[in-house]
S.K.: 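If you scroll down you'll find the structure; I have some questions about it.
Side chains are part of it too, since the values below use all heavy atoms of this structure and drop only hydrogens, waters and symmetry mates. Every number for a ligand or one of its atoms is a count from 1 in the order of the listing.
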Amino acid sequence: MRTFFSEDHRLHFPQAELSGGEFVTPYERPSRIEYVLARLKERRLGEIVAPDAVDMEPVRKLLDPGFLAFLETAYDDWKAAGQGGEVIAAGMPTRRQRHDRIPRNIDGKVEYYCHASETAITGGTWRAAQASMACAQSAQREVANGARAAFALCRPPGHHATYDQYGGYCFLNNAAVVADMFRTNGAGRVAILDIDFHSGNGTQDIFYRCGDVMFASIHGDPLDTYPYFAGFADETGEGEGEGTTINVPFGPGTPYGPWAEALDGMIARIKDWGAEALVVSLGVDAYKDDPISFFKLDSPDFLDAGRRIGRMGLPTVFCMEGGYAIEQVGINTVNVLEGFEDA
Ligand code: 6XA
Ligand code: ZN
């Protein structure tokens, strides 16, 4: 399969991430992508091509216009207000207070549109997020035009970005826009399968009340890990979307056995439901040595998971999400793709 990749991901590399009470080099760093690229080439998975220019129309259709306008100018507004460093939220929207008025001041806007302060905005973030989206959109077009599958080597990732908030290293929800583009192209039902270690809370948010996009995610129990406030098993969708959100959380130390069983359960649900296209949020932080996660999947498990997904036989777009055990990120990611092609 073809990979869509843009060098512009490098424009996003914050100086620091707030982690464990310290400022550390962000786990979500440009070198992650180098390992994936190297492995794609080593395994000759297919051509690696630059995406077409981003099309903001499908993005504007799905996401909050105020949020998009904020992201575009946040860094410049921050600087214009005399702030020295990169954009970091000092606070977040509070319980039982007013969220129906957007602050005028840039500090307040940042707090309004952010849900996790480890994620900084730099002078290049908006362009990098657009380039990441461009990869996802080009992969979608490739599959809409008849390819069985395509891989969007997205960076920054997207699955924590909601309708109107960024955080968890994510700014624009690539997988969600891809799913919506399939709908626009005529797919009656689209499924998003999120195998990243973290709950895809942003994707869930965007389609929670939607009956024609199914969202299924296997992840660390939100009682134990980020994002702490979404991804519980009893979140199943609302209104027309009732029954089209599936969450399977697992606790620390979970190995491949139960994880694969959950994957099979989701695959069966997606097939029975009649999905016509599949978007995979492909994070590989379920790996046993991932520095910020606690599952115990090993590299061959990713190959097996890819095979199971491939046997679904659906037109599929893979969007890169997390994975921070740098040297294994390439192997594990490409294992999923090779397993898929093998199926
Ligand atoms: C740091 C945790 C961010 C998790 C990002 C991730 N607060 N999401 O890998 O999939
Ligand atoms: Zn993750």
S.K.: Answer with side chain, backbone, both or neither: which part of Glu28 has a heavy atom less than 4.0 angstrom from an atom of ligand 1?
M.R.: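 None of Glu28 does.
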S.K.: State whether the shortest distance between N or O atoms of Tyr226 and N or O atoms of ligand 1 falls below 3.5 angstrom.
M.R.: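 The answer is no, given that Tyr226 and ligand 1 share no N or O pair closer than 3.5 Å.
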S.K.: Between CG of Asn201 and NE2 of His159, what distance do you get to the nearest 0.5 Å?
M.R.: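 Here the rounded value is 7.5 Å.
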S.K.: Report yes or no: does a heavy atom of His160 sit under 4.0 Å from some atom of ligand 1?
M.R.: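 Within the 4.0 Å threshold, so yes.
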S.K.: Among all protein heavy atoms, pick out the one at the shortest distance from atom 1 (C) of ligand 1; state its residue, atom name and that distance to 0.1 Å.
M.R.: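 So the nearest neighbour among protein heavy atoms is Glu118 OE1, 3.5 Å.
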S.K.: To the nearest 0.5 Å, what is the distance between OG on Ser199 and CZ on Phe232?
M.R.: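 Between atom OG of Ser199 and atom CZ of Phe232 there are 9.0 Å.
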S.K.: Quick one: report the N, O or S atom of His198 that is nearest to the Zn ion (ligand 2).
M.R.: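 It is ND1, the N, O or S atom of His198 closest to the Zn ion (ligand 2).
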S.K.: Output the distance between atom CG (Asp52) and atom OG (Ser6), rounded to the nearest 0.5 Å.
M.R.: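 Between Asp52 CG and Ser6 OG, I get 11.5 Å after rounding to 0.5 Å.
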S.K.: Does one side chain, of Gln204 or Thr245, offer a donor that lies under 3.5 Å from an acceptor on the other?
M.R.: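 Absent: no donor and acceptor within the cut-off.
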S.K.: Does Asp196 bring an N, O or S atom to under 2.8 Å of the Zn ion (ligand 2)?
M.R.: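 Coordinating: yes.
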S.K.: Please tell me whether Glu17 and Tyr169 have a donor and an acceptor in their side chains that are separated by less than 3.5 angstrom.
M.R.: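 Short answer, yes.
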S.K.: Nearest to atom 9 (O) of ligand 1, what protein heavy atom do you find, and at what distance?
M.R.: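 For atom 9 (O) of ligand 1, the nearest protein heavy atom is Tyr324 OH, 2.5 Å.
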S.K.: Does an N or O from Tyr169, backbone or side chain, lie closer than 3.5 Å to an N or O of ligand 1?
M.R.: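 No; every N/O pair is 3.5 Å or more apart.
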S.K.: Go through ligand 1 atom by atom and flag the ones less than 4.0 Å from a non-hydrogen atom of Asp285.
M.R.: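 In order of number, 9 (O), 10 (O).
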S.K.: Could you list the atoms of ligand 1 found under 4.0 angstrom from a heavy atom of Gly168?
M.R.: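 Those of ligand 1 that fall under 4.0 Å from Gly168 are 5 (C).
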S.K.: Using heavy atoms and a threshold below 4.0 Å, how should the contact between Phe197 and ligand 1 be classified: side chain, backbone, both, or neither?
M.R.: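 Answer for Phe197: neither.
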S.K.: Can you see whether Asp8 engages Gln130 through a side-chain donor-acceptor pair at a distance of less than 3.5 angstrom?
M.R.: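 There is no such pair between these side chains.
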S.K.: Measuring from the Zn ion (ligand 2), name the closest N, O or S atom belonging to Asp285.
M.R.: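 When I compare the N, O and S atoms of Asp285, OD2 is nearest to the Zn ion (ligand 2).
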S.K.: What atoms in ligand 1 come closer than 4.0 Å to a heavy atom of His159?
M.R.: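 Every atom of ligand 1 under 4.0 Å from some heavy atom of His159: 8 (N), 10 (O).
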S.K.: Looking at Arg269, Arg307, Arg311, Arg308, which hits salt bridge (charged side-chain N to carboxylate O under 4.0 Å, His left out) with Asp264?
M.R.: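 Of all the options given, the one that passes is Arg308.
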S.K.: Under 6.0 Å from the CD atom of Glu242, do we count more than 12 heavy atoms belonging to anything else shown?
M.R.: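 Counting neighbours around CD of Glu242, more than 12 heavy atoms of other residues, nucleotides or ligands fall under 6.0 Å, so yes.
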